[in-house]
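Take a look at the structure set out below.
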Amino acid sequence: MGFFSAVKRIFGGTHSAGAKSEKAPRAEDARQTPAAAAPDRAVAAASPAVANDEALTLRLREAEPRLSVWLGIILEGVDQAGDLLWQRLEFLLRALDAPEGEAAAFVADFQGWLARMEYRQVEEFRSELQYRLALALDLEDEEDERNRLFLKISEGLSRTREQFARGLDKLFAGHGELDEAFWEELEELFIMADLGYEASLELVQRLRERARREKVSQAAQARELLMAELEEIFRAPRRIMAVNPPEVVLLIGVNGVGKTTTIAKLAHRARMQGKTVMIAAADTFRAAAIEQLQVWAERVGALFHARPAGSDPAAVAYEAVDRAVKEGVDVLFVDTAGRLQTKVNLMEELTKIRQVLGKKHPGAPHRSILVIDATTGQNALSQTKLFKEAAGVDELILTKLDGTAKGGVAIAVAMQHHLPITFVGLGEKLEDLRPFNGADYARALLGQPGGGGRA
């Protein structure tokens with residue numbers, strides 16, 4: 001599915017709360033019937049289904065142009081999965097200019113997912129449904145979705161913030177001038193937030209230089225300095241996104257960081273964006289890893305490629321690329337081992353896989369993603385250093401952020417290794433892998449309001 005980019009013009013970019021959209025869904029776009037041309041006669045003669053469609057269209061037109069609001073209208077009176085839900089979803093998608101075939105395909109895909117997950121009640125899957133619609137309609141950067149993400153990040157960082165933000169408040173309130181005592185206490189706070197010694201020294205030095213540059217001398221103004229510095233640290237550099245399809249994405253990381261579920265979540269995102277996806281199980285040293293990945297591939301509707309346990313991982317990667325090219329796959333995700341149960345060095349094996357991918361498909365892997373566990377704190381730093389030097393890393397995904405008091409490690413990793421953090425894991429659900437936004441992360445970490453704006 002090449003899902004519905006036309007919906008952007010309905011939103012017209014961004015809208016303030018309460019604004020009415022001049023390009024909201026139109027009744028004649030949603031369903032061409034005689035009733036649409038003659039509404040007065042339709043009230044008396046139309047079937048209940050058509051009348052209901054007209055009422056829904058009117059309500060959608062008058063509502064705030066937000067996905068959550070539109071979904072709320074569509075779900076009114078719907079308690080569980082069934083014919084009424086499927087009719088309402090197709091109606092919403094058609095009202096948003098989705099071609100009939102794509103709307104039907106979206107609904108069929110969601111029906112299959114609900115059956116596999118054995119969900120029936122709307123409250124069990126509403127959040128997932130909104131997430132899928134946001135991806136499919138290219139509305140993830142809409143204000144409402146950004147607010148949802150900010151709340152998720154804030155919840156995930158709550159344990160870190162309890163210590164860190166409280167300590168900052170006390171520090172900023174307890175000092176007048178930015179003197180040596182202030183900087184020493186700030187450095188201690190950073191270390192306690194699990195930035196590590198070297199990163200804490202570097203961040204304090206950067207803040208000192210920014211304070212001098214901006215002629216800031218009072219502790220009360222230090223929060224704004226820190227916010228600005230963190231946003232700069234997290235700012236991802238631009239890069240060329242064009243690839244020769246299929247895009248080959250290599251996932252690396254030690255065992256236990258959540259690599260397998262992260263692959264599933266990435267595949268799910270790509271599927272919802274209308275891409276065909278394949279997952280290759282090149283972690284052949286654990287039979288359970290292959291089986292687990294196959295289950296996830298089936299859940300998210302991705303193709304799957306594997307060999308028996310103990311096979312050569314590079315051979316699996318080679319075959320997967322060959323198959324992906326032949327079958328016209330858009331994105332190929334390649335899982336790798338986090339620990340080898342042989343005498344072969346892990347980094348040597350990763351290097352071999354990279355070389356095989358590049359020979360079979362020029363430019364591959366197009367992205368090498370290191371998955372790190374936020375709860376490991378300083379171990380995440382050492383893992384990043386090791387994999388970056390030995391195997392090559394293009395970007396980071398930070399998992400298990402919802403269960404850690406060590407959220408400050410993200411600052412240290414981004415600052416010391418100059419790698420962009422592209423996603424953060426905020427829970428176990430497929431929707432809980434969300435794009436990383438440095439500005440929102442900084443605000444959530446410091447206990448500041450945020451969301452709804454671009455970084």
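Quick note: numbers below take in every heavy atom, side chains included, and nothing from hydrogens, waters or symmetry partners.
Contact check for Leu168 versus Leu226: side-chain heavy atoms found under the 4.5 Å cut-off. Residues Glu431 and Lys265 are not in side-chain contact: their nearest non-hydrogen atoms beyond the backbone lie 4.5 Å or more apart. Contact annotation: the side chain of Leu71 approaches that of Leu129 to within less than 4.5 Å [non-hydrogen atoms, C-beta and beyond].
Judged by distance alone, with hydrogens and angles left aside, the side-chain atoms of His361 form no donor-acceptor pair with the main-chain N or O of Val248 at under 3.5 Å. At distances below 3.5 Å, not a single donor-acceptor pair connects side-chain atoms of His305 with backbone N or O atoms of Ala317. The backbone N or O of Asp335 lies less than 3.5 Å from no partner atom in the side chain of Asp283, so there is not a single donor-acceptor pair. At distances below 3.5 Å, not a single donor-acceptor pair connects side-chain atoms of Lys400 with backbone N or O atoms of Gly425. In this structure, Arg354 contributes its side chain and Ala391 its backbone to a donor-acceptor pair below 3.5 Å. For Asp394 (side chain) and Ser368 (main-chain N/O), a donor-acceptor pair under 3.5 Å exists by modelled atom type. Using a distance-only test at 3.5 Å, with no hydrogens or angles considered, no donor-acceptor pair links the side chain of Arg94 to the main chain of Ala103.
Between Arg88 and Leu56, the closest heavy-atom pair is CD-CD1, 3.6 Å. The two residues Pro365 and Leu250 have their closest heavy-atom pair at CB-CB, 4.0 Å. Considering every non-hydrogen atom in both Phe304 and Met278, the closest pair reads N-CG, 4.5 Å. The two atoms that bring Met347 and Ala390 nearest to each other are CG-CB, 3.5 Å, heavy atoms only.
Residues passing the salt bridge (Lys or Arg N to Asp or Glu O under 4.0 Å) test with Lys429, sequence neighbours excluded: none.
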Q) Can you check side-chain contact (heavy atoms from CB on, under 4.5 Å) on Glu247 and Leu332, steps first, answer last? A) CA-CA 6 Å; Glu247 180 183 16; Leu332 169 63; over 6 Å; no

**Q.** CA sep, side-chain torsions, deciding dist, call: Arg166, Asp169, salt bridge (charged side-chain N to carboxylate O under 4.0 Å, His left out)
**A.** CA-CA 5 Å; Arg166 189 185 303 121; Asp169 290 341; over 6 Å; no

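A side-chain contact (heavy atoms from CB on, under 4.5 Å) with Leu396 is found for one member of Val371, Leu419, Ile369 and no other, namely Leu419.
In this structure, CZ on Phe164 lies 6.0 Å from CG on Leu446, to the nearest 0.5 angstrom.
A salt bridge does not link Glu319 to Arg323: none of the charged side-chain nitrogens sits closer than 4.0 Å to a carboxylate oxygen. Taking 4.0 Å as the cut-off between side-chain N and carboxylate O, Arg307 and Asp312 do not count as a salt-bridged pair. Electrostatic pairing of Glu389 and Lys385 counts as a salt bridge here, judged by a charged N lying under 4.0 Å from a carboxylate O. Salt-bridge annotation for Glu128 and Arg132: present, with a side-chain N of the basic residue lying under 4.0 Å from a carboxylate O of the acidic one.
Figure legend: cation-pi geometry between Arg271 and Trp113 absent, as NZ or CZ is not positioned both under 6.0 Å from the six-membered ring centre and within 45° of its axis.
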